[in-house]
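Below is one structure, written out as C-alpha cells, with a few remarks after it.
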Amino acid sequence: MSEALLSVQDLVVEFEVRDGNLRSVDHVSLDVPKETFMGLIGESGCGKTTIVQAILNLMPENGYIRAGRIYFDGTEILSLPPEKLRRIRWEKIAMVFQAAQNSLNPVMRISEHMIDTVLAHRRESRARILERASRLLELVSLDPDRVLVSYPHELSGGMKQRVIIALSLLLEPEMLILDEPTTALDLISQAYLMEMLQEIHHELGITMLMVTHDVSNVAKVAERVAVMYAAKILEVGSTEDVFYRARHPYTAGLINAIPSIVGDLSSKRPIPGLPPSLITPPPGCRFHPRCPLATQICREEEPRMEEVGAGHSVACHHWKKTGEK
Amino acid sequence: MTELLRLEEVQVVFERGWIRKRKGARAVSGVSMVIREGEIFALVGESGCGKTTLGRIALGLLRPTSGRVLYRGKDIWSADGKGLRPTGQMVHQDSYSALNPARTVYQTLAAPLRRYGVPRSKLKEEAEKLLEFVGIMPPKYFLNKYPYHLSGGMRQRLVFARSIIPKPRFIVTDEPVSMIDASLRLSILDLMLKLNCEFKIAFLYITHDLATARYLAQEGKIAVMYLGKIVEEGRMKEVLERPLHPYLRALLSAAPVPDPEIARKKKLLQLKEAEPPSAEAPPSGCGFHPRCPYAEGVCSREEPPLRDFGEGHRGACHLIEVLPPWRLM
C-alpha cells in the first residue's frame with residue numbers, strides 16, 4: 001500500500017454540551033493512502049463528521065480538539081497558523097459538506113462563484129478561470145454554456161451538487177473530502193453522482209475520503225473502508241475485507257442489517273440494542289452491550305487496533321471468532 | 001383474500017394561487033389499485049411522484065378531484081357513504097413531530113385507549129401490554145418518559161403502539177424508517193411484519209427505497225409510481241425478477257447494493273436526462289419518454305395504458321415486447 005497522504009493520529013475531539021463533555025472522537029487514528037478512494041462509514045452521531053471537521057480545523061463553536069496530530073503530505077496541519085491552514089484548505093484539501101447544494105450564493109451566477117473561489121486564493125485571469133471551470137463542468141456532465149450563466153435557483157439539486165464538486169476541483173486539490181454527498185438527492189441522481197466521483201478519482205488520480213452512513217454506496221466506489229462506532233474506529237480494511245471478511249462483530253452485524261434488492265433476505269437481522277451515549281460511554285469495548293460475542297474481558301478492557309491481515313486492522317478481543325460463523 | 005380498499009381512476013389536481021385559483025400540478029392522475037385484507041403493498045417512487053398524496057387518498061384524508069375510493073365496496077365520498085371512514089391509520093417519517101412533546105408515553109397511549117373504551121382502572125395495564133408488544137422494554141420504566149427521552153427507533157415503536165389502538169384494518173406508512181439508524185431499520189420493518197402477522201393489518205408502505213420495500217413486501221405487492229401514474233405493479237418477487245418498465249429498470253440499476261462485487265458489476269442504465277420533469281408541465285404521451293433510452297415516436301404521442309402480462313403483473317410502456325431482456329448485471 002502506498003504511503004498516507006492524510007494521517008490522523010490519536011485524535012480526541014470534545015463538545016461542551018449542557019450535560020457535560022461529549023467526546024465525539026476518542027483517540028482515533030486513520031490513514032488515507034495516496035490516490036485511494038476511502039470510505040468512512042458509521043451511523044448518525046458516531047463522530048464521523050466531526051473527524052472531517054477536525055481535519056480542516058473547522059470546528060463548531062462548542063467543539064474542541066483536545067489531542068492528536070493530523071499530517072497532510074508530511075506536514076502537521078493542526079499546529080499551523082490560521083493563514084497557512086487557510087492555504088491548505090481548498091488548494092490542497094477541498095471539502096464538500098453535507099447538503100452543500102444550499103451553500104451556493106443565490107444572487108451570484110455560477111461563473112462568479114468560480115471566479116470568486118479562485119481569486120480568494122491566487123491571482124489568475126478571468127478567462128483562464130472560466131476555461132478551467134468549463135472543463136470541470138464537462139467532467140461532471142454539465143453543459144458549461146448553460147450552467148455558467150445560471151443562478152443557483154435555475155439548477156436542480158443534483159446539478160447544484162455537481163457544480164459544488166466542480167468548484168471543489170477548481171484549485172486542483174490533492175484530496176477531496178465528501179460528507180454525505182448524496183443527501184437530499186433522488187435515487188437515480190445519487191447513482192450518477194457516485195459514478196461521476198469514481199470517474200473523477202480515476203481520471204485525476206485525486207485522493208478521496210467519503211463520509212457516509214450509507215453502507216451500500218461505499219460498496220461500489222470505495223477501495224478502502226473505515227468503520228466507526230461510538231467515537232471509535234473499529235475496523236479498517238480493503239472494501240472486500242470489510243464486506244466479505246469483517247472481523248469486528250459490529251461491522252458484520254451492520255452489513256447484515258442492510259436490506260438489498262438482490263440476494264437472500266432470510267439471514268438479514270437488525271443489531272439488537274442501541275448505540276451508547278457518548279457522554280457516559282460503556283467501559284471496555286463500546287460495542288459490548290450489543291455484541292453477541294461479548295465476555296468479561298470486553299466489559300473491562302478496551303480492545304486495541306490489531307493487524308489481522310495485510311492492511312486490515314480490527315479493534316476486538318474476539319476477532320478470531322467473528323470470522324468463524 | 002377479500003378486498004379492503006379500491007381506488008378507481010383517482011385524480012388529484014392541486015390549485016395554485018389564492019386570489020385567482022388556477023390549476024396547478026396534477027399530483028395523481030388516473031390511478032387504480034386494490035389493497036386486500038392483510039396484504040402488504042409497497043408503493044415506490046421518487047420525491048414528487050405523488051405517492052404521499054395517494055396515501056392520503058387511501059386513508060380518506062384527501063378528497064380526489066375525480067375518481068372513486070371504495071372501502072369494503074362502499075364509496076367513501078358518496079352520499080350514502082358519508083361518515084364512513086376507512087379504519088386506517090397513518091405513520092409518518094418523523095416520529096418526533098408525530099408525538100406531543102408535553103405528553104408522557106403513558107399519556108400518549110392513555111388518551112386513545114380511553115377513547116376506544118378501556119376503563120380507567122385498566123389503562124395502565126393496557127398501556128404496558130402495548131409497549132411490550134411493540135418492544136419498548138421494560139414497559140414500566142418507559143411509562144413516565146417523554147418523547148425526547150426516547151431514541152428515534154423507540155419513538156417510532158411508540159407511534160406504532162398508538163396506531164393499533166383503534167384496531168385499524170390497514171396502516172399507511174410514509175417512509176417510516178428513513179430517519180432510523182441503518183442497524184435498527186430492520187427492527188422497525190420486523191415490527192410491521194409482526195403487526196401484519198398477528199392482527200392481519202394491511203400495510204401501504206410508501207417509500208423511495210426498493211431494498212426496504214423488498215424486505216417488507218417479500219410476499220406482497222409493489223406498485224411503482226412516476227409523475228402521478230402507476231407505471232408498473234404486481235407481486236414483489238415477480239416484478240423485481242422481471243421488471244417491465246424502463247423506469248423501474250433504471251431504479252433497479254441505480255439502487256445501491258451492500259455487496260462490492262455485485263455493486264461494481266451492476267450497470268447503471270443511462271437515461272437521456274438525469275432529472276425528472278416538473279409535475280406542473282408533464283411531457284406529452286408517456287411521462288418517462290424524455291428520459292427513456294428506448295423511447296420511439298409513439299412514446300411522445302400516445303399515453304401507454306397499463307397492460308397485463310400475466311398474474312397481475314402490469315406495465316405501462318408501449319415497448320415492453322421489444323425491450324431487451326432484463327439483466328441486473
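Convention: sequence-line order gives letters A, B, ...; per-chain numbering from 1. Here the structure is a predicted model, which means the values were calculated and not measured.
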| query | Side chain, backbone, both or neither: which part of A:Ile188 has a heavy atom under 4.5 Å from chain B? | reply | both
| request: Go through A:Gly263, A:Pro259, A:Ala191 and name the one with the most non-hydrogen pairs under 4.5 angstrom from chain B. | output: A:Pro259
| said: Report which part of B:Leu189 has an atom under 4.5 Å of a heavy atom belonging to chain A: side chain, backbone, both, or neither. | reply: neither
| request: Would you please go through residues 247-258 of chain B and name the residues with a non-hydrogen atom below 4.5 Å from one of chain A, in numerical order? | output: B:Tyr247, B:Ala250, B:Leu251, B:Leu252, B:Ala254, B:Ala255, B:Pro256, B:Val257, B:Pro258
| field | OH/B:Tyr141: more than 12 non-hydrogen atoms of other groups inside 6.0 Å | value | no
| said: Could you report the tightest heavy-atom contact between A:Glu43 and B:Ala182, atom names first, then the distance? | reply: OE1-N, 3.6 Å
| request: Counting only heavy atoms closer than 4.5 Å, note whether B:Asp209 contacts chain A via side chain, backbone, both or neither. | output: neither
| CG on B:Asp259 to NZ on A:Lys220, rounded to 0.5 Å | 12.5 Å
| task | Measure the CG-CD1 distance between B:Leu328 and A:Ile261 for me, rounded to the nearest 0.5 Å. | result | 5.0 Å
| query | With a 4.5 angstrom heavy-atom cut-off, which part of B:Gln218 approaches chain A: side chain, backbone, both or neither? | reply | side chain
| query | Does B:Gln270 CD have over 12 foreign heavy atoms under 6.0 Å away? | reply | yes
| query | Taking the side chain from B:Arg214 and the backbone from A:Ser260, do they hold a donor-acceptor pair closer than 3.5 Å? | reply | yes
| request: State, to 0.1 Å, how close B:Tyr215 and A:Leu265 come at their nearest heavy-atom pair, and which atoms those are. | output: CA-CD1, 3.8 Å
| task | List in chain and number order the residues that pass side-chain contact (heavy atoms from CB on, under 4.5 Å) with B:Ser47, two or more places apart in sequence or in another chain; answer none if no residue qualifies. | result | A:Asp186
| field | Per-residue contact mode, A:Glu195 against chain B (heavy atom under 4.5 angstrom) | value | side chain
| request: Could you have a look at B:Gly152, B:Ser187, B:Ser151, B:Pro260 and say which one has the most heavy-atom pairs with chain A under 4.5 angstrom? | output: B:Pro260
| said: Can you list everything that forms a salt bridge (charged side-chain N to carboxylate O under 4.0 Å, His left out) with B:Glu46? Sequence neighbours excluded, please. | reply: none
| request: Inspect the surroundings of NZ in B:Lys267 and state if more than 12 heavy atoms from other residues, nucleotides or ligands are less than 6.0 Å away. | output: no
| task | Would you mind checking which part of A:Pro272 comes under 4.5 Å of any heavy atom in chain B, side chain (CB onward), backbone (N, CA, C, O), both or neither? | result | neither
| note | Bottom line for A:Arg269: the part with an atom under 4.5 Å from chain B's heavy atoms is backbone
| query | Are any non-hydrogen side-chain atoms of B:Arg264 and A:Thr239 less than 4.5 angstrom apart? | reply | yes
| request: Name the member of A:Ala222, A:Ala219, A:Ala257 that forms the most heavy-atom pairs with chain B at distances under 4.5 Å. | output: A:Ala219
| said: Under 4.5 Å from any heavy atom of chain A, what part of B:Lys266 do you find: side chain, backbone, both or neither? | reply: both
| Looking at B:Glu241, B:Lys265, B:Glu261, which has the largest count of heavy-atom pairs under 4.5 Å with chain A? | B:Glu261
| task | Not counting sequence neighbours, which residues clear side-chain contact (heavy atoms from CB on, under 4.5 Å) with B:Glu219? List them please. | result | B:Lys237
| query | More than 12 heavy atoms of other residues, nucleotides or ligands under 6.0 Å from CZ of B:Arg26: is that the case? | reply | no
| said: Let me confirm one number: the CG-CG distance from A:Leu274 to B:Leu184, rounded to the nearest 0.5 Å. | reply: 6.0 Å
| request: Select, from B:Ser183, B:Gly153, B:Pro276, B:Ala211, the one with the greatest count of heavy-atom pairs under 4.5 Å involving chain A. | output: B:Ser183
